[in-house]
Amino acid sequence: MAGSEEDGSGVNMNLPPGFRFCPTDEELILNFLRYKALQIPNSNNIDIIPDHPHLSTLDPWQLHGEAYCSGNHGNQQYWYFFSKKNESWMTQSGFWKELDYEEPIFGSNNNNKKKIGLKNFLVFYVSDGQVPGDVETNWIMQQYHLSDYGLVAPATRKKRLSNPAKWVLCRVHKNKGGGGGESPSSYSDDDRDSNGTQLSYMDELFLSLEDHDIIL
């Protein structure tokens with residue numbers, strides 16, 4: 001009997017028991033973002049990932065029930081949605097700040113390991129006027145972009161669109177195993193290393209980049 005995974009917006013995916021929506025970076029680029037950007041019909045159910053314009057203006061804890069949500073990597077929850085590349089990343093409570101770091105994504109074809117895309121990283125900051133300065137949170141966004149090679153249409157599509165690179169795919173999660181759905185006031189401030197020194201969430205992010213089982 002097939003199992004199913006239901007996201008926060010009530011979308012069901014019929015999957016075998018034990019299976020979860022857990023795509024690799026390459027799969028997100030080639031099987032979801034590319035088909036979305038080039039508007040190519042396929043059987044990969046890319047419509048489960050929404051592209052509503054308002055999603056980029058939501059605070060990250062408001063994504064549940066709006067973006068596609070999937071349990072992933074040790075019960076870590078991730079929220080997926082498509083957005084336009086030039087969207088403003090300001091929200092009601094703060095903004096997404098891009099880090100000065102990007103990671104290339106290569107195809108796995110042994111004979112043709114081309115760069116098919118890249119992902120960059122953003123951290124959410126709260127700036128609501130109640131606290132002086134901007135407050136860094138533990139919400140992380142991975143933003144996927146197509147490379148020129150990734151924009152090449154498959155053989156099933158001859159016509160190339162005028163500006164397919166305008167689309168990006170966003171994957172949001174709460175670092176340190178948080179489940180989302182919370183406001184910054186509920187965050188714990190007691191994450192410390194063995195010496196009692198508090199680590200910033202950006203420190204934890206860069207440490208996690210060395211372990212792809214955590215960040216990818």
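What you are looking at is a predicted structure, and each value in this text was computed from that prediction instead of being measured. The basis for the numbers below is simple: all heavy atoms, side chains too, and nothing from hydrogens, waters or symmetry mates.
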Separation of [Y] [atom2] from [X] [atom1] (nearest 0.5 Å):
X	Y	atom1	atom2	value
Tyr125	Thr137	OH	OG1	8.5 Å
His145	Leu118	NE2	CG	6.0 Å
Leu28	Lys36	CG	NZ	14.5 Å
Phe124	Asn175	CZ	CG	15.0 Å
Thr57	Met90	OG1	CE	11.5 Å
Trp79	Arg171	CH2	CZ	12.5 Å

With a 4.5 Å heavy-atom cut-off, do [X] and [Y] have their side chains touching?
X	Y	result
Cys170	Trp96	no
Phe82	Leu33	yes
His173	Gln142	yes
Asp134	Phe95	yes
His54	Glu66	yes
Ile140	Val123	yes
Pro23	Asn31	no
Phe121	Met141	no

If you look at every heavy atom in [X] and [Y], which pair is closest and at what distance?
X	Y	answer
Gly107	Glu26	CA-OE2, 3.6 Å
Asp25	Glu103	OD2-OE2, 4.3 Å
Glu98	Leu122	CA-CG, 3.8 Å
Lys115	Pro104	CE-CB, 4.1 Å

Does [X] use its side chain to pair, donor to acceptor, with the backbone of [Y] at less than 3.5 Å?
X	Y	answer
Asp59	Ser93	yes
Ser147	Ile116	yes
Ser56	Ser83	no
Gln76	Lys174	yes

Practice prompt. Return the orientation label for the Phe21 and Phe32 ring planes: parallel under 30°, perpendicular over 60°, tilted otherwise.
Written response: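 Because their plane-to-plane angle is over 60°, the rings of Phe21 and Phe32 count as perpendicular.
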
Item to complete: Report yes or no: is the cationic atom of Lys85 (NZ for Lys, CZ for Arg) closer than 6.0 Å to the six-membered ring centre of Trp167, at no more than 45° off its axis?
Response: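 No, Lys85 does not sit over the ring of Trp167.
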
Item to complete: Report whether Tyr144 and Tyr35 are members of the same hydrophobic cluster (ILVMFWY, side-chain heavy atoms less than 4.5 Å apart, transitive linking).
Response: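 Yes: a chain of side-chain contacts under 4.5 Å links Tyr144 to Tyr35.
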
Discussion item. Would you say Phe106 ends up clustered with Leu146 if hydrophobic residues are merged whenever their side chains have heavy atoms under 4.5 Å apart, either directly or through other cluster members?
Written reply: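 Each belongs to a different hydrophobic cluster.
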
Worksheet entry | Check against side-chain contact (heavy atoms from CB on, under 4.5 Å), Tyr80 and Ile48 | CA-CA 9 Å; Tyr80 298 83; Ile48 65 171; over 6 Å; no

